[in-house]
Amino acid sequence: MPTDHDTAAVTAVLRELTDAWARHDAQAYGDLFTEDATYVTFVGTVYSGRRDIVESHRTLFEKMLKGTRLADEVLDIRFYGPDVAVVNGRGDSYKGKRPDKLSKVQTYTLVRESGGQWRIAAFQNTKRKPLMESLSYKVAPGLIPAAER
């Protein structure tokens, strides 16, 4: 059965992720993922494996995401056995002031590796489209998630 210690360990990984991003340390960022991790960006690019994640973030930190920070908000953590956790949250990269509303919905699957270290095995990042969401809710109210009713 997962403990408060497990929850703290999982959230610590996410905190380390934002800290590595703030330093633009692609290696430290990638080290938080399993060797065979899958990373899906909000534009649909799929990176496979830690090395791919490190190299892509090295480029991102030097170019498109230079000078950015990473904001995240954990919405839910669920454990599926003692060694698997699924985290749902919101996130965004930003410069300057942290945004009040985070524009991406994110899902992390973490696993506890031998030795007890939690690492991210899969990450999915989806850009929210509030206008499309609003329109779909008006046309078909049954689409509104229970948490938003």
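Computed from a predicted structure; not experimentally measured.
- Looking at residues two or more places apart in sequence or on another chain, you find no salt bridge (charged side-chain N to carboxylate O under 4.0 Å, His left out) involving Lys95.
- Counting only residues at least two apart or on different chains, the side chain to side chain donor-acceptor pair (under 3.5 Å) pairs with a member in residues 12-23 are Trp21-Thr68.
- For Lys127, the side-chain hydrogen bond (donor to acceptor under 3.5 Å, both in side chains) criterion is met by Ser103, not counting sequence neighbours.
- Take Glu62 and apply the side-chain hydrogen bond (donor to acceptor under 3.5 Å, both in side chains) test, not counting sequence neighbours, and it matches no residue.
- Residues meeting the side-chain hydrogen bond (donor to acceptor under 3.5 Å, both in side chains) test with Thr126, sequence neighbours left out: Gln124.
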N/O donor-acceptor pairs under 3.5 Å from side chains in residues 38-45, not counting sequence neighbours:
unit_1	atom_1	unit_2	atom_2	d
Tyr39	OH	Tyr29	OH	2.9
Tyr39	OH	His57	NE2	3.1
Thr41	OG1	Val43	N	3.3
Thr41	OG1	Gly44	N	3.4
Thr41	OG1	Thr45	N	3.1

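- If you chain together ILVMFWY residues whose side-chain heavy atoms come under 4.5 Å of each other, Val139 ends up in a group of its own.
- Looking at Arg69, its side chain never comes within 3.5 Å of a backbone N or O of Arg98 through a donor-acceptor pair.
- Residues satisfying the salt bridge (charged side-chain N to carboxylate O under 4.0 Å, His left out) criterion with Arg119, sequence neighbours excluded, are Glu113.
- Under a 4.5 Å side-chain heavy-atom criterion applied to ILVMFWY residues, the cluster that includes Leu143 comprises Tyr137, Ile144 as well.
- Applying the salt bridge (charged side-chain N to carboxylate O under 4.0 Å, His left out) rule to Arg50 yields the partners Glu35; only residues at least two apart in sequence or on another chain are considered.
- For Gln27, the side-chain hydrogen bond (donor to acceptor under 3.5 Å, both in side chains) test picks out Asp31, with sequence neighbours left out.
- Partner Val10 forms a side chain to side chain contact (heavy atoms under 4.5 Å, CB included) with one of Val87, Val74, Val86 and no other, that one being Val87.
- For Glu133, the salt bridge (charged side-chain N to carboxylate O under 4.0 Å, His left out) partners at least two apart in sequence or on another chain are Arg128.
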